[in-house]
4 protein chains.
Amino acid sequence: MERGRTATEGSGAERTAARQHHGNRHGRSERARQAVLEAADGLLVEKGFTGVTIEGIASSAGVAKQTIYRWWSTKTDILLDAFLQDATEALTPPDHGDLTEDLGAHLHQLALFLTRSDAGTVFTALLGHAQHDPAFAGVLRARYLDEQRRRDRLPLDNAVRRGELPADLDTVAEVDQLVGPIYHRVLVTGDPVDRAFTDLLVDNFLRRHRVR
Amino acid sequence: MERGRTATEGSGAERTAARQHHGNRHGRSERARQAVLEAADGLLVEKGFTGVTIEGIASSAGVAKQTIYRWWSTKTDILLDAFLQDATEALTPPDHGDLTEDLGAHLHQLALFLTRSDAGTVFTALLGHAQHDPAFAGVLRARYLDEQRRRDRLPLDNAVRRGELPADLDTVAEVDQLVGPIYHRVLVTGDPVDRAFTDLLVDNFLRRHRVR
Amino acid sequence: MERGRTATEGSGAERTAARQHHGNRHGRSERARQAVLEAADGLLVEKGFTGVTIEGIASSAGVAKQTIYRWWSTKTDILLDAFLQDATEALTPPDHGDLTEDLGAHLHQLALFLTRSDAGTVFTALLGHAQHDPAFAGVLRARYLDEQRRRDRLPLDNAVRRGELPADLDTVAEVDQLVGPIYHRVLVTGDPVDRAFTDLLVDNFLRRHRVR
Amino acid sequence: MERGRTATEGSGAERTAARQHHGNRHGRSERARQAVLEAADGLLVEKGFTGVTIEGIASSAGVAKQTIYRWWSTKTDILLDAFLQDATEALTPPDHGDLTEDLGAHLHQLALFLTRSDAGTVFTALLGHAQHDPAFAGVLRARYLDEQRRRDRLPLDNAVRRGELPADLDTVAEVDQLVGPIYHRVLVTGDPVDRAFTDLLVDNFLRRHRVR
DNA sequence: ACTTAATCGAGACGGTACGTCCAGTCTTTCG
DNA sequence: CGAAAGACTGGACGTACCGTCTCGATTAAGT
């Protein structure tokens, strides 16, 4: 799949080859790429979103600014790459065949991710930026959110397949009601999101659909 | 009554008096204050959050930069004042004595506010910035969100008073489940929030509590 | 003689009367005037010419800016007033009836004034500013330099009157040759001006005119 | 050879190389440097010392402010560079082997330079600033005045070598007496400095040392 | 005594320039 | 050809003073 110059690039052989040189005719420097992503991540955690600058990244990664501009176009582009590299597999819901358990574990995991992890910090920063930049919001959805929402729906889809839930379930609206309150607390109210709260959400979902 | 530098000042007599002079020991220029708030608002709607700069506000308000810095410390401070001035009373839920109707109207109003109004544009921009600036997040809560959440709870509180809902209802968690999905669509997924969706939320709330 | 609003005002009765009030229809506040002049002087000595600002003078004199602008138009105007108040009588050459002695004492006094006194510091600062502002140069000459040059000529004039020097002596050119080298060292080279040097100037003057 | 940030750079090959690029690792833009110096010069002559601002220079040179701050620290620093570039060789006294003639020509040249030339205007402005800034006074001496005084002494040194003047002549003090009166008229009194006056100075010098 | 008028401290106002930071572009040299 | 280096234009930052203004209080002179 082609994702343009800002993509995290291919994998395997190409990356392995790139790893062996620093700036020559054989493609981009994997070393520089990693240094940039790590520097961006580090700066965000250390100094916050505003403290992340292209110049700061360049100097703290020991990389020329031009090298950054060659592969990325904005600092959020970099942060998104950094985020994707770290966090892609983190939020896949479990599948133990038990809706209650899987849903509870997933929502709890989501809450922990958003409020406790470095990756979550990067992600909420990117969500914040998305409010200021509709184009970036689109990129964020295309490169992460759409996929994540698909993963969020998995427990419901599985349950539908198992016959635990009706086939005509509006999973989009249901997921909104499951994760929406969590995002609301994280992004809007700042209230803590404890296990009791995520379990309440699950419970209400189950009662709504007379499961059990 | 508020006294901080960013306060929107009192109203009535005090403001009328201030309107008569442009800069002396007895108060700031109301003319300059209004021009700044309107310029900030206008720039945000016209050019987006990034396009709002103190210099831009100053020049488009016909005001000296120093005058801005005398009364506000950041552009978000200005935008918050502008937002509060316009939108404070906009989101008060109706009280017709009918929980279903009041709740439905309020959530629909909230969705319209967030997705269709200029004030909503300012507000989501401020929410976005709050993700990058914890201190500002605190200010935003203290100056707007806490009060707004109190208003969001009103329909439930009223119903509790009327005996339609149990007295021990966890209104905070309930409101999270009512408005959370709306904020989620607005801030995260970008999905439209139509009346059917807000009504679904109300419906689920009512079913949850076996009202009717 | 009328010197305009920036003049150091009259003396005697008028000043005494003014001293008794602080701001009323008839006359300025002598207290404010003194405080301004002293503040300006103090700031110059403490922080240098660039460190003297109207705002700095106002705040360190405990005076309103407007009060300053009511009576002076520029900071150099204030400094000139301050200088004139302190230093008017300081540089009058002695008249012992002995040209050699009087001239030697006067030139030495001039050197001390320029290099050692606070008034000299103010004066050289004003001379510096005069290089940047021809209008001020004119004022400085009218209010001080012309008179001072007249005083500088006194020893020669006296000697001419006594018959020690020819009546057709070009005293202007002679004074240039006597004080010019001193100013040159002070303003241009920064070399010290010791008694040996001023005595050399006197000696050469005397030899030039075969006195003794 | 000079290496400081304010240096006028070398000449010849090095400058030729620099002229070919506009900003890269191997040197500054000669185009920008020249434009800044010329703009500063022009603004001084056109609007006076106070009218010279870094922003004014930048905009009239078509150069970014940062480029100026990269290479100079103050406007006087720029003016000094501009002055040195134009005027270094201008004030070398002639050497015809005739003391009277050489001295007369040189002093006359100095007077013309100070009172008539654009370079002289810049120079007196710098001398004025030197009265307000001892550090700059030091720089001005190190970068120009010391060398100029050496040049001013040349006619005397040559005459000493030729045996026309005694070997133990205090050339420093003599030069003070030759040029001091000229500077005095230019910087202090504002009197014109005509050829008669400079010739008088020469004449008095010669008589002082019984030459001829 | 009462009004009038000029002064005072205070401080907000519209501006200009300061010196700094960062954005994004460009040019060169090296490997 | 990519990378490091770093100079370039440009725009916004937040600060310091400028010179102007308006206010409320104070005080003397003229009525």
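If you're wondering where the values come from, they're calculated on a predicted model, not measured in any experiment. Atom set for the values below is all heavy atoms of this structure, side chains included, hydrogens, waters and symmetry mates excluded. Reminder, nothing fancy here: chain letters follow the sequence lines and each chain counts from 1.
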Point to revise | Atom-pair distance (CZ on B:Arg28; C1' on E:dA10), nearest Å | key: 18 Å
Point to revise | Listed partners of D:Phe49 passing ring pair (Phe, Tyr, Trp, His ring centres under 6.0 Å), at least two apart | key: C:His132, D:His129
Review point. Is any side-chain N or O of A:Arg70 under 3.5 Å from a base N or O of F:dA3, one able to act as donor and the other as acceptor?
Key: yes
Review point. Is the shortest side-chain N/O distance from A:Arg31 to OP1 or OP2 of F:dG2 below 4.0 Å?
Key: no
Review point. Starting at CD1 of C:Ile78 and ending at C1' of F:dG19, how long is that distance when rounded to a whole Å?
Key: 13 Å
Point to revise | Close residues, residues 45-68 of chain A, relative to DNA chain E [heavy-atom separation under 4.0 Å] | key: A:Thr53, A:Ile54, A:Glu55, A:Lys65, A:Gln66
Check your understanding: How many Å lie between OH on D:Tyr69 and P on E:dA17, as a whole number?
Key -> 12 Å
Review point. Looking at A:Trp71, does any N or O in its side chain come under 4.0 Å of the phosphate oxygens OP1/OP2 on F:dA3?
Key: yes
Review point. Is the side chain of B:Lys65 donor-acceptor paired with the backbone N or O of B:Ala58 at a distance under 3.5 Å, no angle test?
Key: no
Check your understanding: What pairs with D:Ala137 under side chain to side chain contact (heavy atoms under 4.5 Å, CB included), at least two apart in sequence or on another chain?
Key -> D:Ala130, D:Arg141
Exercise for review: To the nearest Å, give me how far apart CH2 (C:Trp72) and P (E:dC8) are.
Suggested key: 9 Å
Practice item. Please identify each residue that fulfils side chain to side chain contact (heavy atoms under 4.5 Å, CB included) with C:Val139, with sequence neighbours left out. Key: C:Leu80, C:Arg143
Revision key, fill the gap. Separation of E:dA12 atom C1' from B:Gln34 atom CD, nearest Å, is 17 Å
**Study point:** For B:Glu38, all residues meeting side chain to side chain contact (heavy atoms under 4.5 Å, CB included), sequence neighbours excluded
**Key:** B:Gln34
Revision key, fill the gap. The side chain to side chain contact (heavy atoms under 4.5 Å, CB included) partners of B:Ser60 (sequence neighbours excluded) come to B:Ala39, B:Leu43
Check your understanding: Between atom CD in D:Glu30 and atom P in F:dC8, what is the gap in whole Å?
Key -> 11 Å
